[in-house]
Amino acid sequence: MKSVTGLVLAMMLAPAAAMAQNTVPATNGPITFTPLQHASVQVEWNGKVIQVDPAQGDASKAKPGDLVLVTDIHGDHLNPDMLAKVRKSGAPVVMPEAVKTQAGDKIPAPVELLANGQKKDVAGINVEAVPMYNLTRGPSAGQLFHTKGRGNGYILTLGGKRVYFAGDTECTPEMKALRNIDVAFIPMNLPYTMPPSEAADCVKAFKPAVVYPYHYMGQKPEEFQAALKGSGIDVRLLNWYPAAAGRGQ
């Protein structure tokens, strides 16, 4: 009888534990993160829905966004068709100039252009654009997959918490210099960003309270988690690849 009771209790607690992995407490209610796929993240807080890089995954499982953020021009971040499916009518889309140039009128207004280092309140949420770029990795000698200034990482302030979406980047000086980050989403796939070991070293430099590895196709996020053991940083692993997907950049 005890074993049956224990099994029932475990089954009841499992959804709560999974929910805890997806949420962070904040003023005016918790922040909830839902991975759609690869770099596509749904964020919910205080009745608002924010879609970050809605480019992959099942759009039918996403909620309409009050705000949309796009980090870069590559197809695993910029997908105007999917973006349109998860965007509320009239919701602003924040993007760098390069994304606007590439997407053109496929993403209709309202559009907010932010460059690295700029901040703005959009849809009632403070959005800060930060650099994301490669230091050494590229398709050939003298070239980089992501050049400095083209794309944006973003820091959102939600209920007093600073939430950082790194985008496609290596361990840049700007990332290591970040401070007071409560939640960080960090990429780790080769050859486009960095391996789990480099990502872990970078995270140790700016010490977010919670970190989610994402954008890790072909890598083992468990290696990232192991490298941060004993650091005091809460590493949370979510399922970013519910189905086969194309190559991420």
Side-chain angles (χ1 to χ4, degrees), residues 16 18-55 57 61-72 77 83 86-88 90-96 99 110-132 151-169 174-175 177-187 203 206-215 232-240:
M19 180 64 74
Q21 284 290 97
N22 282 52
T23 63
V24 171
T27 302
N28 294 325
I31 307 168
T32 301
F33 305 104
T34 303
L36 298 180
Q37 189 166 293
H38 190 59
S40 302
V41 191
Q42 177 175 281
V43 184
E44 297 172 76
W45 170 74
N46 195 28
K48 292 182 181 290
V49 176
I50 305 156
Q51 296 292 349
V52 181
D53 281 343
K61 295 181 179 179
K63 297 180 181 180
D66 300 282
L67 172 64
V68 181
L69 308 177
V70 182
T71 62
D72 195 36
H77 302 270
L83 190 154
V86 302
R87 178 189 188 187
K88 280 185 181 177
V93 183
V94 177
M95 63 180 71
V99 169
V111 167
E112 295 284 352
L113 298 180
L114 288 185
N116 293 175
Q118 292 185 322
K119 300 179 184 180
K120 189 170 186 179
D121 287 343
V122 186
I125 294 169
N126 185 262
V127 181
E128 178 181 354
V130 296
M132 51 141 278
N152 288 334
Y154 294 105
I155 299 173
L156 306 181
T157 301
L158 304 170
K161 301 292 186 179
R162 282 163 51 83
V163 182
Y164 170 49
F165 297 92
D168 278 9
T169 188
E174 293 90 345
M175 186 192 292
L178 291 173
R179 295 293 179 265
N180 303 315
I181 298 297
D182 296 289
V183 183
F185 287 79
I186 303 296
V203 165
F206 70 95
K207 298 180 176 62
V210 176
V211 62
Y212 291 95
Y214 79 148
H215 197 288
I233 299 169
D234 183 1
V235 182
R236 301 184 182 183
L237 305 185
L238 302 179
N239 180 16
W240 294 89

- Note on the structure: Between Ala166 and Met175 the two heavy atoms that sit nearest each other are CB-CE, 4.0 Å
- Task: Step by step, work out the side chain to side chain contact (heavy atoms under 4.5 Å, CB included) result for Ile31 and Glu44.
- Result: CA-CA 6 Å; Ile31 307 168; Glu44 297 172 76; over 6 Å; no
- Item | Gln51 side-chain N/O to Lys63 backbone N/O, donor-acceptor pair under 3.5 Å | yes
- Can Arg179 and Phe206 be said to form a side chain to side chain contact (heavy atoms under 4.5 Å, CB included), step by step? CA-CA 6 Å; Arg179 295 293 179 265; Phe206 70 95; 4.2 Å; yes
- List the steps and the verdict of side chain to side chain contact (heavy atoms under 4.5 Å, CB included) for Ile50 and Val68. CA-CA 6 Å; Ile50 305 156; Val68 181; over 6 Å; no
- Message: Please check: side-chain N/O of Tyr154 versus main-chain N/O of Val70, any donor-acceptor pairing under 3.5 Å?
- Response: yes
- Atom OG1 in Thr32, atom CG in Leu158: separation rounded to 0.5 Å? 11.0 Å
- Min side-chain heavy-atom separation Val211-Ile181 under 4.5 Å: no
- Query: Do Leu67 and Lys48 have side chains that get closer than 4.5 Å, going by heavy atoms?
  - Reply: no
- Task: Kindly indicate whether the side chain of Lys161, heavy atoms from C-beta on, has any atom under 4.5 Å from the side chain of Val183.
- Result: no
- Minimal non-hydrogen separation, Pro54 against Leu69, with atom names: CD-O, 3.9 Å
- Backbone N/O of Ala209 and side chain of Asp234: donor-acceptor pair under 3.5 Å: no
- From Ile155 CD1 over to Asn180 CG, what is the distance, rounded to the nearest 0.5 angstrom? 10.0 Å
- From Glu128 CD over to Lys119 NZ, what is the distance, rounded to the nearest 0.5 angstrom? 4.5 Å
- Message: Determine whether Gln42 and Val49 satisfy the following criterion, side chain to side chain contact (heavy atoms under 4.5 Å, CB included), listing intermediate values before the conclusion.
- Response: CA-CA 7 Å; Gln42 177 175 281; Val49 176; 4.0 Å; yes
- In this structure, which one of Phe33, Trp240, Phe165, Tyr164 forms a ring-ring contact (aromatic ring centres under 6.0 Å, His included) with Tyr212? Phe33
- Task: Drop me the distance from Glu112's CD to Gln118's CD, to the nearest 0.5 angstrom.
- Result: 10.5 Å
- Item | Gap separating the CG atom of Asn239 from the OG1 atom of Thr34, nearest 0.5 angstrom | 12.0 Å
- Task: Decide yes or no for Leu36 and Val41: does some side-chain heavy atom of the first lie under 4.5 Å from some side-chain heavy atom of the second?
- Result: no
- Taking all heavy atoms of Thr157 and all of Ile125, pick out the closest pair and write down the distance. O-CG2, 4.1 Å
- Does any N or O in the side chain of Tyr214 come within less than 3.5 Å of the main-chain N or O of Pro35, such that one atom is a donor and the other an acceptor? no
- Any donor-acceptor pair under 3.5 Å linking the side chain of Arg87 with the backbone of Pro92? no
- Task: Quick one: pull up CG in Asp168 and CG in Asn152 and give me the separation to the nearest 0.5 Å.
- Result: 12.0 Å
- Task: Provide the closest heavy-atom pair for Ala39 versus His77 in the form atom of the first, atom of the second, distance.
- Result: CB-CE1, 3.6 Å
- Item | Asp121 backbone acceptor or donor facing Asn126 side chain under 3.5 Å | no
- Consider only side-chain N and O atoms of Thr71 and Asp53, and report whether a donor and an acceptor are under 3.5 Å apart. yes
- Message: If we ignore hydrogens and angles and just use 3.5 Å, is the side chain of Arg162 paired with the main-chain N or O of Asp182 as donor and acceptor?
- Response: no
- Message: Looking at every heavy atom in both Gly90 and Pro110, which two are closest together, and how far apart are they?
- Response: O-CG, 3.3 Å
- Query: Is a salt bridge present between Asp66 and Lys88, judged by a nitrogen-to-oxygen distance below 4.0 Å?
  - Reply: yes
- Please check if the side chain of Arg236 supplies one atom and the backbone of Pro213 the other of a donor-acceptor pair under 3.5 Å. no
- When you measure from the side chain of Asn116 to the backbone N and O of Gly151, does any donor-acceptor pair fall under 3.5 Å? yes
- Note on the structure: Between Ala55 and Ser40 the two heavy atoms that sit nearest each other are N-OG, 3.1 Å
- Query: Trp45 side chain to Thr27 main-chain N or O, any donor-acceptor pair under 3.5 Å?
  - Reply: yes
